[in-house]
Amino acid sequence: MKRTLIMQALAMTEPQNTITVCGWVRTRRDAKEFSFIELNDGSCLANIQCIVDADTPAFAGMGEANTGAGLRVTGQLVPSPGKGQQWEIRASSIEVYGLADQESFPLQKKRHSDEFLRSIAHLRPRTNKYGAAFRIRAEAARAVHDYFYGQGFHYVHTPILTGSDCEGAGEMFRVTNLPAGETAVEKDFFGKAANLTVSGQLEAEALAMGLGRVYTFGPTFRAENSNTPRHAAEFWMIEPEMAFADLHDLMDLGEGLTCFVVKQVLERCAQDIALFNNFVDKGLCQRLNALLAKPFARVAYREAVAILQQCGKKFEYPVSFGTDLQTEHERYLAEEHFKQPVMVYDYPKSIKAFYMRMNDDNETVAAVDVLVPGIGELIGGSQREERMDVLVQRITELGQNPEDYWWYLDLRRYGSVPHAGFGLGFERLLMLLTGISNIRDVIPFPRTPGNIEF
RNA sequence: UCCCCGAUGGCUCAAUCGGCAGAGCGGGUGACUGUUAAUCACUAGGUUGGCGGUUCAAGUCCGUCUCGGGGAGCCA
């Protein structure tokens, strides 16, 4: 079935005697002697206008097709005499694949609220805004792979089903096929408790210890009862893990990745980005270009605390060394003090995970958070503790059993080397790229507490 | 999970002190037009989120549940 994508048709430099496009009707305007149809096939934001004369087979073929209907249109690509478009198709034949009942089809030509469109998540890809959002999502994913490929990273697949109950990154979803009422874990499929992954980090470290530079990019699950516009129970996380690297290499990587994706999406999704800049977030392009214009700020946690203490601003939560930075503090640093993305590093060991590398001061660990204006924490990462004795001590200090980490400790037992990695929430990156303020609107079918329709 | 605010026609919202449920858009019908979220006329469309309570009377007051929005916590 030969057809031309609307994206390609609109980019033609010469008229075409015969062209076939397929798509869904966005609007139909009827006159007595002819009809206008605007068709969209998802290949790009723009529609193509088709003219259907009343006395043609195309008009008969079109029938009652109206907003939402799926069509195949064949005709001539000609310069449009009307304003607003360069090309249009003078239809010679139309085949209707599927009609859309006008009384029940929920998408109007008018703007809908995001809340309503979320309730018809299966149909919202047919709107300008969500079509654009999901095209940008695809292009951003491609950019992530391009960047890592260019830096010598290997894409690895870490398990989604995990048996470890000691990852500590958050509440986990239990996976079981036991019949209702049966609770004996030994009788369960794996013979022990299984969960959906909350992070591929530990496995990625194992792979990095052989492949050197690796990254995961896949679904991640958190059973936290988080009700915010920035959290979802299922989200996609990018987790690079880099051997022979320290915290500063890691910060370079995080900054490099973020800027590369922003730049590539600006270049390849210009029309879709323009839609968000015009209708969703008037400052979007300016902010994205500002992000590319100069290096991210880098500040040690200790200095960040001093900045917050001396800024004269009243915070709900007081700041002192040893307390975690609250949202209000992160926002102040990124949005008011630095007014750009800022990397805060060397956090007190007391508020960070066991696997983060102890610094020489014996008080802080080599961890870094990347804070972005309007988004909050985009990246969280660390140089990993590669020294066996220190790692065992940290696990013990936190009241856990080193034996549970036997294979993770093996990585230190045999040929341990300095290494570092981070986790980047892909949806948060998309919020940054589009100006969309709710994470539920950058995932096609979002999973949040109490919501698993579709 | 906590605090605050919401839920009225398919959608977006009105409805004053507790007193006859309305509009715009969308839909249908017709007219008109190289139209551009077309335009004009007519028209249909409601168990006011669920359950319970107060009252002569509840969209409106009270309780509770569900969902949504803003903020917080947890984090990516």
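Because the structure is predicted, anything quoted here is derived from the model rather than measured. Just so we're on the same page: letters track the sequence lines, and every chain starts at 1.
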Encoded 5' to 3' (Watson-Crick or G-U under 3.5 Å; [ ] crossing; | other strand), RNA chain B becomes (((((((..((((.....[..)))).(((((.......))))).....(((((..]....))))))))))))....
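- Here, B/G9 and B/U47 have their C1' atoms 13 Å apart, quoted to the whole Å.
- Nucleotide B/C62 is shown with an anti base, its glycosidic torsion being more than 90° from 0.
- Taking atom C1' on both B/U16 and B/G70, the two are 28 Å apart, rounded to the nearest angstrom.
- Here the side chain of A/F116 is nearest to one of B/C75, B/U12, B/C32, namely B/U12.
- The shortest side-chain heavy-atom distance between A/N438 and A/D114 does not fall under the 4.5 Å cut-off.
- Comparing B/A7 with B/C17, their P atoms are spaced 16 Å from each other, to the whole Å.
- Taking CG from A/L371 and CG from A/L325, the interatomic distance works out to 7.5 Å, rounded to the nearest 0.5 Å.
- Summarising the geometry, the separation between CD on A/E33 and P on B/A31 is reported as 13 Å, rounded to the nearest angstrom.
- Within the cation-pi definition used here (under 6.0 Å to the ring centroid, within 45° of the axis), A/R394 does not qualify as a partner of A/F354.
- Across the protein-nucleic acid pair, A/M431 atom CE and B/A76 atom C1' stand 11 Å apart, rounded to whole Å.
- Summarising the geometry, atom CZ belonging to A/R111 is positioned 12.5 Å from atom CZ belonging to A/F116; distances are rounded to the nearest 0.5 Å.
- Taking only distance into account, the side chain of A/Q102 never meets the base of B/G26 through a donor-acceptor pair shorter than 3.5 Å.
- A/K32 has its NZ atom 7 Å from the C1' atom of B/C32, to the nearest Å.
- Atom pair A/F221:CZ and B/A76:C1' shows a separation of 14 Å (rounding to whole Å applied).
- With A/H419 as reference, A/M209 is the one residue of A/M242, A/R357, A/M209 to meet the side chain to side chain contact (heavy atoms under 4.5 Å, CB included) rule.
- The separation of B/U55 from B/U12, taken at their C1' atoms, amounts to 33 Å, rounded to a whole angstrom.
- One can place CD of A/Q108 at 9 Å from P of B/C11, the figure rounded to the nearest angstrom.
- Checking B/C25, B/G34, B/A76 against every side-chain atom of A/R222, the shortest atom distance belongs to B/A76.
- Using a 4.0 Å cutoff on non-hydrogen atoms, no part of residues 296-303 of chain A comes near RNA chain B.
- Not a single ring-ring contact (aromatic ring centres under 6.0 Å, His included) links A/F279 to another residue, sequence neighbours left out.
- For the P atoms, the distance from B/A14 to B/A41 is 25 Å, rounded to whole Å.
- Rounded to the nearest Å, the gap between the P atom of B/C25 and that of B/A21 is 24 Å.
- The ring of A/F235 lies on top of the base of B/A76, close enough and flat enough: under 5.5 Å between centres, under 30° between planes.
- At a threshold of 4.5 Å between non-hydrogen side-chain atoms, the residues A/K352 and A/S382 do not count as touching.
- Ring pair A/F315/A/H329 is perpendicular by interplanar angle, where above 60° counts as perpendicular and below 30° as parallel.
- For A/H154 and A/F148, the distance between ring centers is not under 6.0 angstrom.
- Residue contacts shown for A/S113 are limited to sugar-phosphate atoms, with no base heavy atom under 4.0 Å away.
- For the pair A/D324 CG and B/C74 P, the computed distance is 7 Å after rounding to whole Å.
- Counting any heavy atom pair closer than 4.0 Å across all strands shown, A/I238 reaches no nucleic acid atom.
- A side-chain donor-acceptor contact under 3.5 Å links A/T258 to the backbone of A/G254.
- A 4.5 Å side-chain heavy-atom check between A/L77 and A/T18 finds every atom pair outside the cut-off.
- The aromatic rings of A/F36 and A/F34 lie perpendicular to each other, with more than 60° between the two planes, well past the 30° mark.
- Across all strands, A/E103 comes closer than 4.0 Å only to sugar-phosphate atoms, never to a base (heavy-atom distances).
- The P atoms of B/A15 and B/A23 are separated by 15 Å, rounded to the nearest whole Å.
- The distance from atom OG1 of A/T4 to atom CG of A/D41, rounded to the nearest 0.5 Å, is 10.0 Å.
- Separation of the C1' atoms belonging to B/G68 and B/G30 is 40 Å when rounded to the nearest angstrom.
- When the C1' atom of B/C75 is taken as reference, atom CZ of A/R428 falls 6 Å away, rounded to whole Å.
- Rounded to whole angstrom, the span from the CZ atom of A/R447 across to the P atom of B/C75 amounts to 24 Å.
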I would like to know whether A/T158 and A/E203 meet side chain to side chain donor-acceptor pair (under 3.5 Å); could you show each step before the answer? CA-CA 6 Å; A/T158 50; A/E203 289 89 351; 5.5 Å; no
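- Checked against salt bridge (Lys or Arg N to Asp or Glu O under 4.0 Å), A/R135 has the following partners two or more places apart in sequence or in another chain: A/D272.
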Tell me, for nucleotides 35-50 of chain B in 5' to 3' order, what letter each nucleotide earns: B for a base near a protein heavy atom under 4.0 Å, S for only sugar-phosphate near one, - for neither? BBBS------------
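- The six-membered or imidazole ring of A/Y155 lies near that of A/Y215, with a centre-to-centre distance under 6.0 Å.
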Protein proximity profile, nucleotides 63-73 of chain B - base contact B, sugar-phosphate-only contact S, no contact -, cut-off 4.0 Å on heavy atoms: ----SSSSBBB
